[in-house]
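Working notes, beginning with the structure itself.
Read the numbers this way: they start at 1 and go in the same order the structure lists the ligands and their atoms.
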Amino acid sequence: MDPATIWGTRWLNCNQPIAKKYMEVVCKKQSLVVLAADKNNMEDLNQLIDDVGDYISALKTHVDLIDDWTKESWMNFISKAKEKNLLIFEDRKHGDIGKIARDQMGGIYDSKSWADLITAHLISGPSILDGMQEAWNSVNKEGGVLLLAQMSSEGNLLELPGYTDSVVNIGKDHPACFGFIGNGSRPKELIDLREKVGEGKMIWTPGVNLNINDAELGQRYGDPEKAILSGSDAIIIGSGIHNAIKPRDEAVKYAKISWEALMKRGA
Ligand code: 6AU
């Protein structure tokens, strides 16, 4: 599968090496699934990646969810994910001023050394993008920021007039911005977001689950096929996979839906 043919204008316009890598992995695995590996211990995480790693294209982590975290066990887990050809995406949702966000990518977790992608809110202004870029530069690593332009949770304040537009306007032209998080639960919002973003950046979407009854504490869910047809480039799936009785079967199912939707969307 040739990524240039499959992704079309997105391939031509998303020039960051990490974006190209993601699009290539998607074509190899025929999956636009990013696994939200929201487990609380290393054993469960390792088991999950052994089980579904072949059917996903990126691994999203919350490193601070883990009860028995050690540097060694974490780095073994990251190596395992890399063997499965996965991009590593730490969903840290940074929000502080540039120099603090930069330094928070160090510390015990040291995400700058293992995360290819990290989320950030733009609430503190564009310096956060510069700071995060400096952190990756300091270890000679390529990295990209996914900016929260929309959220999936009920009542989120990113919906206030003008906020999403401002995030997109700043992120679109910033080299450290890999793309945007959009609201996978609302296809109309995604269509709007894609129009604002254009072709030059990725849109990745959480809030996607075939079973909308899984939603807890204000989370909202939408349909995986609709998310991709509305302009999303990756569906971020958590409970839909890791809470299932057979996570592998669900991963296969979401992968198939996502790939067929990309084919249907056309280049
Ligand atoms: O499929 P779920 O609901 O089990 O998990 C959704 C995952 C969680 C959230 O931290 C994350 O997606 N998420 C995000 C991000 C940035 O990924 C943004 C958002 O608006 N909503 C959301 O659920 O790991």
message = Considering non-hydrogen atoms of the protein only, which is the closest contact for atom 8 (C) of ligand 1, and what is the distance?
response = Asp38 OD2, 3.4 Å

ask   = Which bit of Tyr221 gets closer than 4.0 Å to ligand 1, counting heavy atoms only: side chain, backbone, both or neither?
value = side chain

query = Going by distance alone, is a donor N or O of one side chain under 3.5 Å from an acceptor N or O of the other, for Glu199 and Thr9?
reply = yes

ask   = According to the interplanar angle, ranging from 0 to 90°, do the rings of Tyr22 and Trp204 count as parallel (below 30°), tilted (30 to 60°) or perpendicular (above 60°)?
value = tilted

message = Among Lys60, His121, Gln219, Glu216, which one puts a heavy atom closest to atom 6 (C) of ligand 1?
response = Gln219

Atom NZ of Lys226: over 12 foreign heavy atoms under 6.0 Å = no

ask   = If you count the atoms of ligand 1 from 1 in the order shown, which ones are under 4.0 Å from a heavy atom of His62?
value = 10 (O), 24 (O)

ask   = Relative to the heavy atoms of Met151, which atoms of ligand 1 are at a distance of less than 4.0 Å?
value = 19 (C), 20 (O)

remark   = Residue pairs passing the side-chain hydrogen bond (donor to acceptor under 3.5 Å, both in side chains) test with at least one member in residues 117-127, sequence neighbours excluded, are Asp91-Thr119

ask   = Has ligand 1 got any nitrogen or oxygen that is less than 3.5 angstrom from a nitrogen or oxygen of Gln150?
value = no

ask   = Is the shortest N/O to N/O distance between Asp91 and ligand 1 below 3.5 Å?
value = yes

ask   = Hey, looking at atom 18 (C) of ligand 1, which of Ser239, Gly240, Pro206 has the closest heavy atom?
value = Pro206

key: Other residues, nucleotides, ligands: >12 heavy atoms within 6.0 Å of Lys264 NZ   = no

Heteroatom proximity flag, Gly238 to ligand 1, N/O under 3.5 Å = yes

task = Report the member of Ala36, Ser152, Ala37 with the shortest heavy-atom distance to atom 22 (C) of ligand 1.
result = Ser152

ask   = Is the count of non-hydrogen atoms from other residues, nucleotides or ligands lying under 6.0 Å from Lys20 atom NZ greater than 12?
value = yes

remark   = Taken in chain and number order and not counting sequence neighbours, the residues that satisfy side-chain hydrogen bond (donor to acceptor under 3.5 Å, both in side chains) with Ser73 are Thr70

